[in-house]
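Below, chains carry the letters A, B, ... as their sequence lines are ordered, and counting in each starts from 1.
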Amino acid sequence: MKNRHTAGGRTCRFKESSMPEVRVRFPPSPTGYLHIGGARTALLNWLFAKKTGGKLILRIEDTDEERSTSASIDGILDGLTWLGLDWDEGPYFQSEFAADHLRAAEQLIQSGHAYKCFCTKEELESKRDAAMTAKVDVKYDGTCRNLSSKEIEAREKAGIPSVIRFKVEKKEGVVGYDDKVLGRIERRYDDIEDFVIVRSNSKPLYLLCNVVDDIRDRITHVIRGQDHMTNTTRQVLLYEALGAPVPIFAHMPLTLDLQKRKISKRSHGEIVAVQFYRDRGFIPWALCNFLVLLGWNPGDDREIFSREELIEAFSLERIGRTNSIFNYRKDDPKFFTDPKAIAINSHYLRTMPIAEIGHMVKKHFQEQRLWHDDYDTSRREWFLATLELIRERFHTINDFSAGGRAYFADDFAIDPQSLAKNILKHPELIGWFPQLAERFSALQVFDKESAEAATREMAEELGIKPGILINGMRTLLTGQLAGPGMFDVLAALGREKVATRLKGIYRLYK
RNA sequence: GGCCCCAUCGUCUAGUGGCCUAGGACGUCGGCCUCUCACGCCGAUAACAGGGGUUCGAGUCCCCUUGGGGUCACCA
């Protein structure tokens with residue numbers, strides 16, 4: 001670990017005490033959905049803002065018009081909102097500040113930090129291809145770097161289009177910055193080519209826009225992925241040429257797939273979109289909790305954090321340096337996403353206050369047309385008690401309408417394995433269950449204890465193991481092979497429903 | 001190929017020279033519990049990429065090799 005904790009260097013020009021308010025930003029480009037990598041970036045920025053009492057600015061980098069539709073912007077906003085990551089300013093739209101970007105480019109030309117370049121795209125591409133195949137460094141050769149004003153004028157008169165390039169000083173030495181997670185990062189001036197900052201159609205490029213916007217938004221800390229590292233050295237040059245203070249950078253490690261490829265919707269599908277997790281019944285905070293653990297840890301053994309705990313524990317210095325792997329196997333029959341993500345979600349599912357679970361289930365049930373308004377009023381107690389009863393073996397909110405369907409509706413499916421094992425193997429049940437229903441009906445009160453007593457009594461009279469009756473009921477009444485203690489289930493279902501279903505046993509043999 | 005970054009169990013990770021015969025979590029496999037399954041609890045499995053240094057002592061510092069990743073656009 002080198003220089004990791006050194007505060008020196010040009011990136012730190014403020015004393016702690018006079019440190020201005022922390023301002024961080026999340027600048028997604030509109031892609032129609034929030035990528036989990038983006039969500040993780042947003043989360044760390046959000047945490048840092050909360051931790052320091054600073055501000056999080058949301059800025060949509062929409063300078064690529066093609067993909068900047070309002071729907072694709074909403075996709076990003078929806079994802080952030082669902083995760084509970086709120087922002088203090090914005091969303092700002094980069095496209096609205098084109099004048100700022102161009103003014104900055106003009107300023108750079110005036111100050112001799114940039115120049116017009118008339119090389120054509122085709123020329124450059126062929127040079128680049130040649131360099132690539134020759135396996136030598138691919139850099140702009142500086143053809144237009146020292147054009148005289150006369151030469152420039154002549155070309156402009158001739159109508160030759162030009163781009164604006166940043167003029168990297170030809171000198172020995174390095175540009176560098178002190179990265180909060182990586183330590184001192186340096187790159188030789190000589191290794192940096194004169195990069196384009198404005199296109200020939202006068203549209204400014206990301207490298208410039210990003211810096212100009214960050215200066216205007218008074219961003220103090222840039223927390224982003226390591227894939228931006230080569231941008232950073234060039235951007236430091238831009239800050240300096242523009243006479244602006246350089247923010248503090250923190251480059252977080254990337255998240256890759258099992259083959260160590262970048263995860264993308266193109267190659268991995270919906271699994272990379274935050275929306276997928278919402279649709280699959282994830283608890284928003286559980287996803288955040290999982291995501292933050294990819295490349296960060298508190299330094300002790302804790303892994304589950306409330307919001308407040310995470311904010312308290314968070315620090316840039318504890319962000320790791322190694323890329324992590326999103327442990328997901330396509331078509332895994334057991335885990336539809338990273339097993340740890342599911343484990344964390346399950347943990348929240350069984351430990352959160354039941355009323356909060358109830359709230360999420362309500363939303364889900366409304367979508368599934370399983371909701372009844374009296375679950376909020378007269379049957380609220382029953383509703384929550386039932387959720388409490390069944391949540392322990394569930395992994396997502398969606399499980400309440402799938403495996404838990406029998407508690408809330410009659411159109412539940414019977415698990416074939418369960419059917420074979422607990423029902424078809426014991427054809428006598430076709431006679432026994434209606435009889436058991438009668439016994440239940442005759443009970444003074446129908447509750448866990450009385451139902452158990454009646455069941456065991458009958459089993460004893462028949463000379464069979466109680467399990468035959470119990471497991472048969474589990475299949476018939478819940479459709480499941482496994483579940484909560486059966487007498488709790490009976491109580492939750494209620495006498496009528498139990499009796500009706502027991503009498504309908506014959507249907508399973510057809 | 002140039003430049004930059006990285007390297008501990010299958011996965012997420014702890015580890016800042018002696019507390020490491022390397023800890024935790026997820027997963028996996030056993031066991032207890034039990035009407036089933038789960039939870040819970042108990043136990044097991046499994047890692048310092050390789051080679052040189054430095055040091056009394058190295059997972060921890062240095063160098064090399066290997067491996068992986070990022071990036072090299074008039075995308076963001």
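- Applying the ring-ring contact (aromatic ring centres under 6.0 Å, His included) rule to A:Tyr407 yields no partners; only residues at least two apart in sequence or on another chain are considered.
- For A:Arg302, no side-chain nitrogen or oxygen approaches OP1 or OP2 of B:C12 to under 4.0 Å.
- Partners of A:Ser324 according to the side-chain hydrogen bond (donor to acceptor under 3.5 Å, both in side chains) rule, which considers only residues two or more places apart in sequence or in another chain, do not exist here.
- Residue A:Val196 is in sugar-phosphate contact alone, with no base atom involved, counting any heavy-atom pair closer than 4.0 Å across all strands shown.
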Using a cutoff of under 3.5 Å, can you pull out all pairs of nitrogen or oxygen atoms linking the protein to nucleotides 27-31 of chain B, with atom names and distances?
from, atom 1, to, atom 2, distance (Å)
B:U28, OP1, A:Lys334, NZ, 2.4

Between side-chain atoms of residues 258-267 of chain A and protein atoms elsewhere (two or more places apart, or another chain), which donor-acceptor pairs fall under 3.5 Å?
from, atom 1, to, atom 2, distance (Å)
A:Ser264, OG, A:Ser267, N, 3.2
A:Ser264, OG, A:Ser267, OG, 2.7

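- Using a 4.0 Å cut-off between a side-chain N of Lys or Arg and a carboxylate O of Asp or Glu, A:Arg59 and A:Glu61 qualify as a salt bridge.
- Under the Watson-Crick and G-U wobble criteria, each requiring two contacts below 3.5 Å, nucleotide B:G43 is paired to B:C29.
- Among the protein residues, A:Pro27 comes within range of no part of the nucleic acid, since none of its heavy atoms lies under 4.0 Å from any strand.
- Here the side chains of A:Asp214 and A:Tyr239 are in contact, with some heavy-atom distance below 4.5 Å.
- With a 6.0 Å cutoff to the six-membered ring centre and a 45° limit on the axis angle, A:Arg165 does not count as a cation-pi contact of A:Tyr115.
- Among the nucleotides B:C6, B:U36, B:A38, the one closest to the side chain of A:Glu392 is B:A38.
- A salt bridge does not link A:Glu460 with A:Arg456: none of the charged nitrogens is closer than 4.0 Å to a carboxylate oxygen.
- The nucleotide whose nearest atom lies closest to any side-chain atom of A:Asp301 is, among B:C5, B:A76, B:G24, B:G24.
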Any protein N or O atoms within reach of nucleotides 18-21 of chain B? Criterion: under 3.5 Å, listing atom names and distances.
none

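- In this structure, A:Gln94 reaches the sugar-phosphate backbone alone: every heavy-atom distance under 4.0 Å involves primed, P, OP1 or OP2 atoms, never a base.
- For the contact set between residues 464-474 of chain A and RNA chain B, defined by any heavy atom under 4.0 Å, the members are A:Ile470, A:Asn471, A:Arg474.
- Scored by the side-chain hydrogen bond (donor to acceptor under 3.5 Å, both in side chains) test, A:His113 finds no partners at all (sequence neighbours excluded).
- With a cut-off of 3.5 Å on both Watson-Crick or G-U wobble distances, the partner of B:G1 is given as B:C72.
- Minimum atom distance to the side chain of A:Leu294 is reached by B:C12, of the listed B:C12, B:C72, B:C74.
- For a distance-only test at 3.5 Å, the side chain of A:Ser200 qualifies as a donor-acceptor partner of the base of B:C74.
- Using a cutoff of 4.0 Å between basic side-chain nitrogens and carboxylate oxygens, A:Lys334 and A:Asp332 are not scored as salt-bridged.
- Between A:Ala341 and A:Gly485, the residue anchored nearer the 5' end of RNA chain B, judged by the nucleotide with its closest heavy atom, is A:Ala341.
- Residue order along RNA chain B, read from the 5' end via each residue's closest nucleotide, puts A:Leu293 first among A:Leu293 and A:Phe487.
- When distances run from any side-chain atom of A:Asp191 to the nucleotides B:C6, B:A76, B:C3, the shortest one goes to B:C3.
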Protein-proximity profile, nucleotides 64-69 of chain B, B/S/- by nucleotide at the 4.0 Å heavy-atom cutoff, equals ----SS
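- Residue contacts for A:Glu125: at a heavy-atom cut-off of 4.0 Å it reaches no nucleic acid atom on any strand shown.
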Donor-acceptor pairs are to be reported for all side-chain atoms of residues 287-294 of chain A against protein atoms at under 3.5 Å, with residues two or more places apart or in another chain.
from, atom 1, to, atom 2, distance (Å)
A:Asn289, OD1, A:Phe305, N, 3.0
A:Asn289, OD1, A:Tyr348, OH, 2.5
A:Asn289, ND2, A:Glu303, O, 2.8

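- Put simply, the residue from A:Arg234, A:Lys170, A:Arg145, A:Lys167 that forms a salt bridge (charged side-chain N to carboxylate O under 4.0 Å, His left out) with A:Asp194 is A:Arg145.
- In the set B:G24, B:G10, B:C75, B:G10 carries the atom at the smallest distance from any side-chain atom of A:Asn327.
- Looking at residues two or more places apart in sequence or on another chain, you find a side-chain hydrogen bond (donor to acceptor under 3.5 Å, both in side chains) between A:Ser450 and A:Asp447.
- Using a 4.0 Å heavy-atom distance criterion, A:Asn231 is classed as a base contact.
- A heavy atom lying under 4.0 Å from RNA chain B marks none of the residues of residues 416-423 of chain A.
- The nucleotide whose nearest atom lies closest to any side-chain atom of A:Arg199 is, among B:A14, B:A25, B:A76, B:A76.
- For the pair A:Asp217 and A:Arg25, the salt-bridge criterion is not met [side-chain N within less than 4.0 Å of a carboxylate O].
- Taking atom CD1 on A:Ile185 and atom C1' on B:C4, their separation rounds to 7 Å, with Å as the unit.
- Side-chain proximity of A:Leu258 to the nucleotides B:U11, B:C39, B:A14 is greatest for B:U11.
- Using a 4.0 Å cut-off between charged side-chain N and carboxylate O, A:Arg188 and A:Asp190 make a salt bridge.
- Of the candidate nucleotides B:G23, B:C74, B:C39, B:C39 has the atom nearest to the side chain of A:Arg350.
- Under the 4.5 Å side-chain criterion, counting only non-hydrogen atoms from C-beta, A:Gln226 is not in contact with A:Met252.
- Side-chain atoms of A:Asn297 lie closest to B:A14 of the nucleotides B:C5, B:A14, B:C74.
- A 3.5 Å limit on both hydrogen-bonding distances identifies no Watson-Crick or G-U partner for B:U16.
- Applying the salt bridge (Lys or Arg N to Asp or Glu O under 4.0 Å) definition to pairs two or more places apart or across chains, none involves residues 414-426 of chain A.
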